[in-house]
Amino acid sequence: MMKLKMPDTTNPQPPAKVPYKRIATEEAWAPQEMLDIYQKILNHADADAGFRGLMGFYMSSQSERARHIMRCLTDLDQVRLQHMDESGVDMAVIAVTSPGTQIMDRATAVSFAQSANDQLAEAVRRHPTRFAGMIAIAPHDPVAAAKEIERGVTKLGMNSIIINSHTHGEYLSDSKFWDIFAAAEANDAAIYLHPNALPPSMLKPFQECGLDGAIYGFGIETGMHALRIITAGVFDRFPKLRMVLGHMGEALPFWAYRLDYMHAATVKSQRYMSVKPIKQRPSDYLRQNFWITNSGVAWEHAIKFSQQFLGVDRVMYAMDYPYQYAPDEINILDAMDMTLADKTKFFQTNAETVFKLR
Ligand code: 1DF
Ligand code: MN
């Protein structure tokens, strides 16, 4: 039997003309205002260690990668558009980069979220055919967050919400956050649950071997967050709530079989007070309430498996610019052995539907 191949990314070619639009859906942005707030946080010796390891690194390292990323992150005009042109990305769905508001204190987070949304909406007005935006919120103030979701949708024309996983170690499975879900559902705005740096309780065994970041830790923590939301019964309470996960659904499609078996067994044995019955299997919620993007994974086999599990309407393209600005990945994805109809869903129409881009 033939082994699955890893794609060759060492031979960059200009993007081909294709009969679909390429819409990248997990593209990061850092306003200077946010970097100034970050710097103040980092000036304190007791700043969160995961945050220091992540944004503290990018903001201070003289490495080529860090300097390139900082230059790209802060731009919403020429640099970004040039990179999009060079890589064949027609449109970018942009969100404040992780952790965004979620490393800030509550009051700073609330006011920064509003400012960020105004700035992003302005950039979308400058480049309406190239950019769309996600609404930033301060999860640590669920009432303010709900209001900002409504303002973002009705006043700023943005139809999705960025949440960078945990907020100071707290998870959205806690019902104190559920005003956010109610507002997202009422405004029909999808929540993109994106990774954050690992919280202190998880950091050590990952960081001491360099596995805390996008290589692995991000996916573990964000996948767990999504599972906490599912098993807490959020989708029984908010059945129309739509969520998006990056990085191939943080590997949850691959886990689905075991999740279903063990969740049912755990409920039945009453092993944990916290694990209560939910109406459906974990995999059912993954297929009904979640969409995923391939951010960071330009691998046909993983994409096809996810399409087979979730359906071709639920898997979308993302580049994860500028953290994985790898133009040749577009050529690899263009070349996937997939019908034009399914490839058009992957690159274009699923994103248009989920983020309401038309
Ligand atoms: C990294 C990756 C950083 C992703 C990110 O935000 C991020 C990284 C600070 O490589 O350090 O969003 N990512 O989504 O994979
Ligand atoms: Mn990302």
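Order of appearance sets the numbers: ligands from 1, and atoms from 1 within every ligand.
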Can you tell me if Phe57 has a non-hydrogen atom under 4.0 Å from ligand 1?
no

Tell me whether Asn350 contacts the main-chain N or O of Lys345 through its side chain, where contact means a donor paired with an acceptor under 3.5 Å.
yes

Taking atom types as modelled, is there a side-chain donor on Glu250 or His225 under 3.5 Å from an acceptor on the other?
no

Subset of ligand 1 atoms that lie under 4.0 Å from at least one heavy atom of Ser98:
6 (O), 9 (C)

Residue Leu54 vicinity, atoms of ligand 1 by number, heavy atom under 4.0 Å:
9 (C), 11 (O)

Out of curiosity, is His194 lining ligand 1, as in a heavy atom under 4.0 Å away?
yes

Under 3.5 Å, is there a donor-acceptor pair linking the side chains of Tyr257 and Ser283?
no

Closest to atom 10 (O) of ligand 1 among Glu26, Arg65, His247 (heavy-atom distance):
Arg65

OD1 (Asp320) to the Mn ion (ligand 2) to OE2 (Glu26), nearest 10°, is 90°

For atom 9 (C) of ligand 1, the protein heavy atom that lies nearest, with its residue and separation:
Tyr323 OH, 3.2 Å

Can you find a side-chain donor-acceptor pair between Asp75 and His83 that sits under 3.5 Å?
no

Using a strict threshold of under 4.0 Å (side-chain N to carboxylate O), is an ion pair present between Asp284 and Arg281?
yes

Can you tell me if, anywhere in His194, an N/O/S atom lies at a distance from the Mn ion (ligand 2) that is smaller than 2.8 Å?
yes

Might you confirm whether atom CZ of Phe254 has over 12 heavy atoms from other residues, nucleotides or ligands at distances under 6.0 Å?
no

Over 12 non-hydrogen atoms of neighbours within 6.0 angstrom of CH2 in Trp178
yes

Please write down residue, atom name and distance for the protein heavy atom closest to atom 13 (N) of ligand 1.
Asp320 OD2, 2.7 Å

Within ligand 1, which atoms have a heavy atom of Thr97 less than 4.0 Å away?
6 (O), 9 (C)

Write out the residue and atom name of the closest protein heavy atom to atom 11 (O) of ligand 1, then the distance separating them to 0.1 Å.
Tyr58 OH, 2.6 Å

For the residue pair Tyr20 and Tyr317, is the inter-centroid distance of their aromatic rings smaller than 6.0 Å?
no

Numbered atoms and elements of ligand 1 in range of Ala214, under 4.0 angstrom, heavy atoms:
2 (C), 8 (C), 10 (O), 15 (O)

